[in-house]
Amino acid sequence: MENTLFIYNSLTRKKEKFNPITPGHVGLYVCGPTVYGDAHLGHARPAITFDLLYRYLLHLGFKVRYVRNITDVGHLENDADEGEDKILKRARIESLEPMEIVQYYTNSYHHNMRQLNTLDPGIEPLASGHIIEQQLFIDRILKSGYAYEVNGSVYFDVKKYDKKYNYGKLSGRKLDDLISNTRDLEGQGEKKNPFDFALWKKATSGHIMHWPSKWSEGYPGWHLECSTMSTKYLGEEFDIHGGGLDLLFPHHECEIAQSTAANGKGAVHYWMHNNMITLNGQKMGKSLGNAVTLNDFFAGTHPLLEKAYSPMTVRFFILQAHYRSTLDFSNQALQASEKGLERLLNGVDDIEKIRPSGKTSIDLTSFEKKLYEAMNDDMNSPVMISHLFEGVKTIRQIIAGKETINQADLERLHGLYHAFVFDILGLQKIEKEGKQKDLSSDLIDTILNIRLKAKENKDFSTSDLIRDSLNKLGIEIKDKKDGFEWEVK
RNA sequence: GGUCGGUUGGCCGAGUGGCUAGGCAGCGGUCUGCAAAACCGCGUACGGCGGUUCGAAUCCGCCACCGACCUCCA
């Protein structure tokens, strides 16, 4: 199939036809989590959004190098020279080594992401594992003249950069506006300008996570790891960079500035940003204190949750909205997704029930075209899903004999559903393992309750039949005064 | 305050100058011993006020409200 994938590029604010730098190959970089707490619903959104992209690119036949970082260097809680870093703070609260915190929450993140059936990135680099590369990157920026050293720290000279390049081209900001709007923050003394950002920061005495450098014992700046690691693994120019919309400014703006200062050009061809999950119309965020963790969702252990929601329900819920729209969380919406998902998956199962006939009365070519058109239009998963639902209706009509399909087309239909539902949307059949475990014992209880009823009615032939039948299956029944007990021998 | 975005039926959520998005819930019917499932049918929604147009929810203007970013955040 001809590739006509269009992607909305945050940089140009337009949908653009996707043309990779190297035909057939895609370099994809996505901003991963800072591992200082359990992943919440907000983390699931970019993970699933870019998993969908990854899966779709693979489906289209691209060879994709997918890189997603883990931020394990603690960054300060605010843009002041003072302040504690998040990982350090967490380590202090839990009385653990910073690296124990990092390891614990990295494992937890991986576990949650696998529950959501996201494919693992090909490379998952750690910021702490690329300190030398980050220092070399700073050297290049210093050499080009867009950074300056003060007291062992190195800062990016935004004003100087803006004179030659345009600082703010991604976020649509103008430096003049930034100057007048920058808040007064403590400890900005070292910087030439308040909007300058750190490339290397000298560690204060209480700061445990630090590394030697020619400037000072310190640690890399907040935005540097992504520029450095994307360059290392994907090159000075690569195709797609993704992340949450909240990272657009300043994080991604600074990445562009760093790359441009170091290499004379912005590294990224297509910037993609997923929108936020909202709760009662407000962004769900760790710092806002309204984030519901994924573990809470899967276990149903949060006051806001009426029940537990399976990872697939959460995944489907997210895929039913377009990634650039905000998505409002509510129990009602989750439950609608849960039922919708069941309906869709039942529909896929029902394909097996179809008996082919000699002729095909439905338009499979048009169906297939609609699916690809929706995905090619900036990954419009909700529209694609709506077509799949329409298709389920058609499947039922074939089973009911109102439409017909021949053997070859049945295989095609089967193939389309498997490709789009399982390979591209990444949905899985709902695991009923937990239910099944309890099912057999519940079944025996049910049968024995029927036997009790029969005994009450003095229908002893039925009650004996039940007892003898169960005995044959190795189940011993012990009648009690007020009921029964049973045991598997 | 600056920049950007949004406001769609009971809920969620697409879309877009004229042609049924879809899901969930609801209502009526078929089926059924009852129920469930399945199937058929139903709602005529696009924040307000103007304007452009043969025709606007869709384009333009104004207003209202909500949100995001401007500080770490997915």
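Naming convention: chains lettered A, B, ... in sequence-line order (proteins, then strands); numbering from 1 in each chain.
You won't find any donor-acceptor pair under 3.5 Å spanning the side chain of A:Lys393 and the base of B:C39, going by distance alone.
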Item to complete: State the dot-bracket string of RNA chain B. Criteria: Watson-Crick or G-U wobble, both atom distances under 3.5 angstrom; notation: ( ) intrastrand, [ ] crossing earlier pairs, | interstrand, . unpaired.
Response: ((((((((.[[[)....(...]]].(((((.......)))))....[[[[[..)....]]]]])))))))....
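Aromatic pair A:His322/A:Tyr8: ring centres not closer than 6.0 Å.
Residue-level contact check: A:Lys339 touches the backbone only, with heavy atoms under 4.0 Å from sugar-phosphate atoms and none from bases. Across all strands shown, A:Ala321 has heavy atoms under 4.0 Å from sugar-phosphate atoms exclusively, and none from any base. Residue contacts shown for A:Arg13 are limited to sugar-phosphate atoms, with no base heavy atom under 4.0 Å away. A:Leu245 comes within 4.0 angstrom of no nucleic acid atom, judged by non-hydrogen atoms across all strands. Nucleic acid contact class of A:Leu327 (heavy atoms, under 4.0 Å, all strands): sugar-phosphate only. Counting non-hydrogen atoms under 4.0 angstrom, A:Gly340 reaches the backbone sugars and phosphates but no base. At the heavy-atom level, A:Thr326 lies under 4.0 Å from the strands shown only through sugar-phosphate atoms. As judged by a 4.0 angstrom heavy-atom cut-off over every strand, A:Asn380 is placed among residues touching the sugar-phosphate backbone only.
Atom CG in A:Leu288 sits roughly 12 Å away from atom C1' in B:A74 (whole-Å rounding). With rounding to whole Å, A:Asn275 atom CG is found 10 Å from B:A68 atom P. A:Phe316 has its CZ atom 13 Å from the C1' atom of B:A14, to the nearest Å. To the nearest angstrom, P of B:G5 lies 16 Å from CE of A:Met276. Atoms CG (A:Asp328) and P (B:C66) sit 15 Å apart, rounded to a whole Å. Between A:His251 atom NE2 and B:C73 atom C1' there is a gap of 11 Å when expressed in whole angstrom units.
B:G51 and B:G10 are spaced 34 Å apart, taking the C1' atom of each and rounding to whole Å.
Distances from the side chain of A:Phe317 to the nucleotides B:A74, B:C69, B:C12 place B:C12 closest. Comparing B:G13, B:G23, B:G67 by their nearest atom to the side chain of A:Ala336 picks out B:G23.
A salt bridge does not link A:Lys202 with A:Glu190: every distance from a Lys NZ or Arg NE/NH1/NH2 to an Asp or Glu carboxylate oxygen is 4.0 Å or more.
Regarding contacts with the backbone of B:C40, a side-chain N or O of A:Gln397 is found under 4.0 angstrom from either OP1 or OP2. Distances shorter than 4.0 Å separate none of the side-chain N or O atoms of A:Arg173 from OP1 or OP2 on B:U3. The phosphate of B:G23 has OP1 or OP2 within less than 4.0 Å of a side-chain N or O from A:Arg343.
When side chains are defined from C-beta on, A:Ser325 does not count as touching A:Asn275, because their heavy atoms never get closer than 4.5 Å.
The ring-ring contact (aromatic ring centres under 6.0 Å, His included) search around A:Phe297 returns A:Phe329, not counting sequence neighbours. Legend: residues meeting ring-ring contact (aromatic ring centres under 6.0 Å, His included) with A:Phe317, ordered by chain and number and at least two apart, are absent.
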